[in-house]
Amino acid sequence: MQEALKTTLRKRKKLPLETLALALALCAVSVAPLGAQSAPVTRRPVRHMVTPAYPELAKKLNLTGTARIEVTIGPDGVVKHTRVLGGHPVLAAEAERAAEKSTFEPGPAETVEVIEFKF
């Protein structure tokens, strides 16, 4: 009876490792085709990028960092809409103003781009 229990326990210890190895192999196989399907990222060419001014309050507070702004660009290359994605609010406000004044090359359709401004 005790021998049968030991044999069963040995078999149970091997099962999770074999299952884990099989699961990892399946994951590796299923991830490869996903990467092959991704489309290349194309960016809308910039005609004129406005440089944001460093705000006086940021100077006083010694703020530095990056502000990320999402811009919706019309087919004519003019920025139609902006949205702050990240960054300190003092820096992001000035970055958003600069992004609104920037222009891009005309394109066939409306596009959305993310611009990063470093302060």
Side-chain angles (χ1 to χ4, degrees):
M1 179 77 170
Q2 198 171 16
E3 276 305 310
L5 182 60
K6 285 181 183 178
T7 305
T8 305
L9 286 175
R10 273 189 237 135
K11 286 181 183 176
R12 291 189 110 199
K13 287 181 183 176
K14 290 182 183 178
L15 182 63
L17 292 176
E18 292 168 349
T19 305
L20 179 61
L22 179 62
L24 287 174
L26 289 175
C27 287
V29 170
S30 65
V31 170
L34 291 176
Q37 293 176 355
S38 64
V41 176
T42 58
R43 297 187 56 95
R44 189 83 167 259
V46 177
R47 182 176 278 174
H48 177 71
M49 182 63 66
V50 176
T51 304
Y54 191 63
E56 285 298 319
L57 181 59
K59 287 179 188 176
K60 290 178 183 177
L61 297 174
N62 200 24
L63 291 177
T64 59
T66 303
R68 295 182 67 221
I69 310 295
E70 179 185 81
V71 293
T72 303
I73 307 161
D76 58 353
V78 176
V79 174
K80 295 173 72 175
H81 178 71
T82 60
R83 182 171 69 116
V84 175
L85 297 179
H88 193 282
V90 172
L91 301 175
E94 189 60 39
E96 188 173 26
R97 277 192 282 279
E100 288 171 348
K101 296 175 186 174
S102 298
T103 57
F104 295 80
E105 292 295 325
E110 189 174 277
T111 59
V112 177
E113 300 282 336
V114 176
I115 305 171
E116 288 189 355
F117 293 98
K118 296 183 192 276
F119 291 90

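In the hydrophobic clustering of this structure, Ile115 does not group with Val78; members are Ile, Leu, Val, Met, Phe, Trp, Tyr whose side-chain heavy atoms approach within less than 4.5 Å, directly or through other members.
For the side-chain contact (heavy atoms from CB on, under 4.5 Å) test, residues two or more places apart in sequence or in another chain that qualify with Ala98 are Val50, Pro52, Phe117. For Lys60, there are no side-chain contact (heavy atoms from CB on, under 4.5 Å) partners, not counting sequence neighbours.
The side-chain heavy atoms of Arg47 and Pro106, taken from C-beta on, include a pair separated by under 4.5 Å. The side-chain heavy atoms of Phe104 and His48, taken from C-beta on, include no pair separated by under 4.5 Å. A heavy-atom distance below 4.5 Å is found between the side chains of Tyr54 and Leu91. Put simply, the side chain of Val71 does not reach to within 4.5 Å of the side chain of Val112, judged on heavy atoms. Contact check for Glu70 versus Arg68: no side-chain heavy atoms found under the 4.5 Å cut-off.
In this structure, NE2 in His81 is found 10.0 Å from CD in Glu110, a value given to the nearest 0.5 Å. Atoms NE2 and CG, from His88 and Leu63 in turn, are 4.5 Å apart once rounded to the nearest 0.5 Å. Rounded to the nearest 0.5 angstrom, Glu94 CD and Ile69 CD1 are separated by 10.5 Å.
Of all heavy-atom pairs spanning Ala95 and Ala67, the tightest one is CB-CB, 3.7 Å. Lys80 and Gly74 make their closest contact through CD-CA, 3.5 Å (heavy atoms, listed as atom of the first residue, atom of the second, distance).
In the hydrophobic clustering (ILVMFWY side chains linked at under 4.5 Å, chained through shared members), Val114 is joined by Leu85.
Salt bridge status for Arg97 with Glu100: absent, with no side-chain N to carboxylate O gap under 4.0 Å. Comment: Glu113 does not engage Arg44 in a salt bridge, judged by the lack of any side-chain N to carboxylate O separation of less than 4.0 angstrom.
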Original post:
Yes or no on side-chain hydrogen bond (donor to acceptor under 3.5 Å, both in side chains) for Thr82 and Glu96, after CA distance, side-chain angles and deciding distance?
Top reply: CA-CA 7 Å; Thr82 60; Glu96 188 173 26; 2.9 Å; yes
